[in-house]
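Right, one structure below, let's go through it.
Note on naming: letters A, B, ... go to the chains in the order of the sequence lines (proteins, then strands), and numbering restarts at 1 for each one.
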Amino acid sequence: MPRSLPSSSRIRTAFRSVAVAALLGLASPVLAAGQITVGVGDNILGLDPTDLNDSVSLSASRLFFQGLYGFDRNLKLVPVLAERSEVNANSTEYTVHLRRDVKFHDGTPFDAAAVKLNYDRLRDPSNRLKRQSLLEALDRVEVVDAFTVRLILKAPSGVLLNYLAHTGASILSPKAIAQYGADISRHPVGTGPFVFASWTPDTLKASRNQQYWRQGLPRLDGVTIRSVPEGGARLALLRSGEAQFVFPLPPETVQIVERDERLAIDKTPSIVAQYVALNTTRKPFDDPRVRQALNYAIDKAAFIKVVYNGFGTPMDAPVAPGIAFYNKQGVWPYDPAKAKQLLAEAGYPNGFETEIWNFSNTLNNRASQFLQQQLAAVGVKVAVNPLEAGVATTRLWGAKTPEEAQVRMFFGSWAPSTGDADWALRPLLSSRSYPPALYNLAYFKDDAVDAALQKGLATADPAERKAAYDEVQKIVWEKAPWIFLSINTLVLGRDKRLVGLSQLPDTSVTYEEAELK
Amino acid sequence: MLTFVLRRLLGALPVLLAVSLFVFGFVRLLPGDPARLVAGADATEQEVASAREVLGLDRPIWEQYLRYAGATVRGDFGISSRTREPVFEVIAVRFWPTFWLTLAAMGWATLIGTAIGVWAGAKRGRWQDQAVMLAAIGGLSFPGFWLGLLLINLFSVHLGWLPTGGFDGWSSLIMPSFTLGLGVAAILARFTRSAFVDVSGEDFVRTARSKGLRERRVIWRHAVRNALIPVVTLTGLEFGTLLGGAIVVETVFAWPGLGRLLVDSIAFRDYPVIQALILLLSAEFVLINLVVDVLYGVLNPAIRLRS
């Protein structure tokens, strides 16, 4: 139906809608000043950030919570509840000076004791919190004075502050922790820009924190987050004016939003890498030439265009450009002739048959089918087997040893939420990270890589860390345990009047500076 | 009749017990590791082990079963592994949206379904009959998500009359219930028509006509009432099915109902919620069958209720 109706029928429509609205007792979608509604694709599962691992819930919890550190929109580490910190020469003691003007939503003052209580709570394995490993490097937390804490580590670490900046290491009100106990995930009390109002199954409501420590912020009076699982319905939510912001926007609906003059699209380069892990312990993927051949066989630009409607850039290093210590290696060129030649050299002149798995969803299946077609062109026959989430847990982590592993090719992605090279590389490429320990689905093992990853983790000296991660990225790029595909662009649809909203490259959203003009 | 109802309710208890045992084993036959799903893909081994303890899955299976059975008998359905809320609350807050959606959908369905069914039956063999039945087949084969998105685009995006989804006031009930009801209306229309045609040939209808009653009265007082028995059976069954949640419609309209809860819980291997939902569904069917049996007696006093 066209947008602009002839004027007479528009008037009639208006009359009719008023009549119907009156009849049904409807409020027309006129906004209360400064109130916004946000449509997201999944349900919020909880609001205790230390016990969450899904991005929708973590993102929502950022309305209420903050940590000592955080990331700005370029994923640069910035102090939030901390003012500054010092580290000793061998990177084993961090002294953090805290802000003095902060109060929790319930009036409790924020101080060193609150930090100690929160960190001790998170890292104690008997509390069984989902984010406990963020602080596993800590040996103990000492209160130096009311606004200074000292964090003493078990071993030297250069990435501690990045872990403190993770939403999972947010600081909760000590009073609320004592008061609500196991029910804390329904009662978020933090220091953040918004205070909790209500939460029914699909709708979370937050209102402005009048006592917020940052002067003049937040600018919005309230935020409502609604979960709308269907992409088309999410688009309708935005177009009907019921929501001022929706995420994610299915790639194929972006054009519709662009055509609507009231709406705008925001694009943020993500730090999420899309790649295919090749099981390097199994024939034929044990031969580096085969793995290189597969990298030559894929047209990355076409992959991004076909699967993600062009919203992405080809990977040019094992980590995304937004990650600290990213070192550009250059894109693997698309060269099917070279691919065939390498396959022939490796003893597979007629290609081979194999299987690719993914976590089944529309985009992952589309991606796998695209790879299947391109690999067929160089003689590699790939069977596509999308895995239901539960089945995937058995298939991927069920193998206790590399010998038991059934995986051949796995198409998937990795979002390193600390923004640092360590968490972008070590869980995926260290030989200590084989499933079930972590996520090295390529079962990649390289002694130089292992050593450099340990070195990068164990020092806080940026120059030494850079050298270590330069080496890792160079070796991994050449040995190609993955087919390096794309770094996707996050696409967010919003009402043009809503400005100042920022989406971080790890998909989380900050409403602090957003306003409705 | 009260004795009848009480006896039937008592008789349902062993059925529910058997269902609860069966479903306990059944959910554990599904492939997949709930602890890994809870902990996430980027979890360390320690975090997965913690999740396993939280879920009680580190215990021997017989111990898990005894705990579950004991708690269920006391009316305690455990804690959801997905949201860490008591299962009873998880289900309770989603039950009412599903209940109202079902009721409204069945309202549309019976209204549209029986009306056009009777009308087609009365005009049987004529073009109106064929046109209406063709439309009914169309209604049956309309995919819910397509009709739903079409309605949203028309009434929410272009006209701005109705909210796109969610359960927020009665106006939000209109589109989802219509979408859901239309498919059922189509089934009911076809069923009503054939029941009506069968009954129309009966002696008592001829008698009514030969008494000189007006056609309208013959149809509605004599024929329809007797044709309703199979229709009531079908309505009961459809009602029960819809009460289990309507996955497609709930997804399109972001409806906070039981259908999406069941699908999400299965994807997450949320054993306690799956178990409780299936138990609830079984209980609902037992109740609905009972109501249907009672209605038989109301519609046709010749049917006696005996246990």
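Using a 4.5 Å cut-off on side-chain heavy atoms (C-beta onward), A:Thr200 and B:Phe167 make no contact. Proximity of A:Asp202 to B:Arg260: side-chain heavy atoms (C-beta onward) are separated by under 4.5 Å at one or more points. Taking 4.5 Å as the limit, some side-chain heavy atom of B:Asn153 sits within range of a side-chain heavy atom of A:Arg239.
The greatest number of non-hydrogen atom pairs below 4.5 Å with chain B, out of A:Gly232, A:Gly39, A:Ser133, is found for A:Ser133. Between chain B and the options A:Ser185, A:Pro201, A:Ala233, the largest number of non-hydrogen pairs under 4.5 Å is found for A:Pro201. Counting heavy-atom pairs closer than 4.5 Å to chain B, the top-ranked of the candidates A:Asn43, A:Asp54, A:Thr203 is A:Asn43. Chosen from A:Arg395, A:Lys130, A:Arg131, the residue pairing most often with chain B at heavy-atom distances under 4.5 Å is A:Lys130.
No part of A:Asp183 comes within reach of chain B, as not one of its non-hydrogen atoms sits under 4.5 angstrom from that chain. If you measure heavy-atom distances from A:Pro436 to chain B, the contacts under 4.5 Å come from both the backbone and the side chain. The part of B:Asp264 that comes within reach of chain A is its side chain, from C-beta onward, which places non-hydrogen atoms under 4.5 angstrom from that chain. Proximity to chain A involves both the backbone and the side chain of B:Leu37, based on heavy atoms less than 4.5 angstrom apart. Contacts between B:Val90 and chain A at a heavy-atom distance below 4.5 Å are absent for every atom of the residue. Looking at A:Glu388, the atoms closer than 4.5 Å to chain B (heavy atoms on both sides) all sit in the side chain, from C-beta outward. Heavy atoms of B:Ala41 lying under 4.5 Å from chain A belong to its backbone as well as its side chain.
Note that the CD atom of A:Glu136 and the OG1 atom of B:Thr44 stand 6.0 Å from one another [nearest 0.5 Å]. Once rounded to the nearest 0.5 Å, the distance linking CH2 of A:Trp423 with CG of B:Asp42 reads 6.0 Å.
Looking only at distances, no side-chain donor or acceptor of B:Ser50 sits under 3.5 Å from a matching main-chain atom of A:Arg128. Side-chain atoms of A:Thr393 come within 3.5 Å of backbone N or O of B:Asp33 as a donor-acceptor pair. A:Arg226 contributes a side-chain N or O that, together with a main-chain N or O of B:Gly165, makes up a donor-acceptor pair within less than 3.5 Å. Judged purely by atom type and a 3.5 angstrom limit, A:Asn53 has no side-chain atom pairing as donor or acceptor with the backbone of B:Ala43.
For a heavy-atom cut-off of 4.5 Å, chain A lies close to B:Val93, B:Arg94 in residues 93-112 of chain B. Against chain A, the residues from residues 61-89 of chain B that qualify, each with a non-hydrogen atom under 4.5 angstrom away, are B:Arg82, B:Thr83, B:Glu85 in number order.
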Quiz prompt | Intermediate values then yes/no, side-chain contact (heavy atoms from CB on, under 4.5 Å), B:Glu45 and A:Leu438 | solution = CA-CA 7 Å; B:Glu45 252 176 315; A:Leu438 272 164; over 6 Å; no

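No side-chain N or O of B:Ser156 forms a donor-acceptor pair with one of A:Glu242 less than 3.5 Å apart.
Contact detail for B:Gly32 and A:Thr394: the closest heavy-atom pair is N-OG1, 2.9 Å.
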